[in-house]
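In what follows, residues are counted from 1 in the order of the sequence shown.
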Amino acid sequence: YHRHDRHPSGSQLWLLDLASGEDREILTVGDARKAYGSWIDRHRILVWAESDSHDRVGILTLPQRTVTWLIDDPARSIDKAIAGAGGRSAAILEFRQGALHATQLDLDAGRERPMELGGCSLLPIEQLPTGQWLCERYSSRAPHELVRADPATGDVVEISRSAQHLADPTMRFAPAQPWRWRSRDGTEIAGWLYEPQGESRGLIAHIHGGPTWHSEDWVNGSIQFLVAAGFTVLDPNYRGSTGYGRAFREAIKEDGWGGREQDDIRAGIESLVAAGKGRRGRIGIVGLSYGGYSSWCQITKSADLFDAAVPICGMYQLTIDYEETGMPHGRDYSEEMMGGTPADQPERYFNASPANFIDRIKGRLLIVHGLRDSNVSPENTKAAIRDLDRAGIPYELLTFDNEGHGIYRAGNRTELFKRIAGFFESAFARVG
């Protein structure tokens, strides 16, 4: 199991002997670095861990506690390793510019075999006793499916048929198009562009959560709904996102939240305006969790560009978020990202909190929150309402008594999507 005792940014691998009750640390790669593991067999553990520049994969052998590194390449962006059946192989999940490239690794010979399909991603989940892998196949052009894949032959057999469960089987999803741009400091940023059929009704930035996560070429329900409603959507993988190497992932910690990653988002929208794919006066932003926080950031600090924002379960005041979060490692994560507690870094927390800049809001605002949210506490939204009312700033509010961190119940989701589409349509209607 994993513990985080030494540093908010680190994790260590521990072993509990059920017979003796002995509990001991068996692997650390540094106080502020992360190490993860899963059993291969009774004496070997598959580990993937951080180094100074990259993530690597190896085998930890017990009881000696020796590690043999099988993949240790700074040029590779390893995301995860999954031990296979029988102790002979493992699936390696690697991302190149945000796209998944999986391989099967022979643990004895050290050789890798690609696990890929043309035109879509293949995500290994678990190896079956037959040697085949249970995988998820996905792209932005079709619903996710479960398949059995055989790396030795390249054969793929469908298990599920999600398309059969669509309300409209003739539905066509908008494809995710790669879009790249330069941020304010020259860093290259990538994301996905979705364009509607016919004339666009406006440009919307759809921001993923995390921030330690990333968007891929896959079906995103809220994005597809917005595109079907006639909007152009940018889904950016800003600094702090996974899938682009360790340096890119860690770069968000240089400023803490609300810094250069927000420049990345703004620059992406500006690049689309410059390319004629967006128009000032019809620009919005929406997102859940860290995407909700980013929506708050942009409607306050980039009020000259964004005309409407929909923060969903988003952090509004970071000291409130730190104190009120109900997640087991919520505070550790904030400390890792911000470089310490609010007491340690008061200026960082102040500058990164949208609450301190609401006087800059010029555009329309729709605040959404699940009132059972144990991750980003609804106290954030309660504070926002008090501040906005006190300042005389108009807003719209949509809350759900039976939702937590995200709006997922079918009826609620339908209401949310329709409300968001109507909100952006209304916000952009004033532009001729």
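- T341 and D344 share a donor-acceptor pair across their side chains, judged by distance under 3.5 Å alone.
- In this structure, the separation between CG on L318 and CZ on R348 is 12.0 Å, given to the nearest 0.5 Å.
- For the side chain to side chain contact (heavy atoms under 4.5 Å, CB included) criterion with L398, the lone passing option out of I367, I420, N412, V368 is V368.
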Compile the donor-acceptor pairs under 3.5 Å between side chains in residues 59-67 and protein atoms, sequence neighbours left out, one pair per line.
from, atom 1, to, atom 2, distance (Å)
R65, NH1, E25, O, 2.7

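- The CG atom of D373 sits 8.5 Å away from the OG1 atom of T381 when rounded to the nearest 0.5 Å.
- Taking the ring centre of Y322 as origin, the terminal cationic atom of R331 falls inside the region bounded by 6.0 Å and 45° from the ring axis.
- In the model, D321 has no side-chain atom that pairs as donor or acceptor with a side-chain atom of Y349 under 3.5 Å.
- Ring pair F350/F357 is perpendicular by interplanar angle, where above 60° counts as perpendicular and below 30° as parallel.
- Summarising the geometry, atom OG1 belonging to T212 is positioned 7.0 Å from atom CD1 belonging to I252; distances are rounded to the nearest 0.5 Å.
- Side chain to side chain, T399 and D401 fail the donor-acceptor criterion of an N or O pair below 3.5 Å.
- Here S11 pairs with H4, K34, Y36 under the side chain to side chain contact (heavy atoms under 4.5 Å, CB included) rule; sequence neighbours left out.
- Side-chain contact check for S377 and E324: no donor-acceptor pair (N or O, by modelled atom type) lies under 3.5 Å.
- Here the straight-line distance linking atom CD of Q298 with atom CD1 of I269 works out to 8.5 Å at 0.5 Å rounding.
- For the 3.5 Å distance criterion, the side chains of D217 and S140 qualify, holding a donor opposite an acceptor.
- For A109, the side chain to side chain contact (heavy atoms under 4.5 Å, CB included) partners are D106, R111, not counting sequence neighbours.
- Between F95 and H214, a ring centre-to-centre spacing shorter than 6.0 Å is recorded.
- Looking at Q317 and S353, their side chains do bring a donor and an acceptor atom within 3.5 Å of each other.
- Two residues are said to be in side-chain contact when any heavy atoms from C-beta on lie closer than 4.5 Å; Y194 and L226 fail this criterion.
- To the nearest 0.5 angstrom, R409 atom CZ is 4.5 Å from N402 atom CG.
- Rounding to the nearest 0.5 Å gives a distance of 10.0 Å between CH2 of W218 and CD1 of I223.
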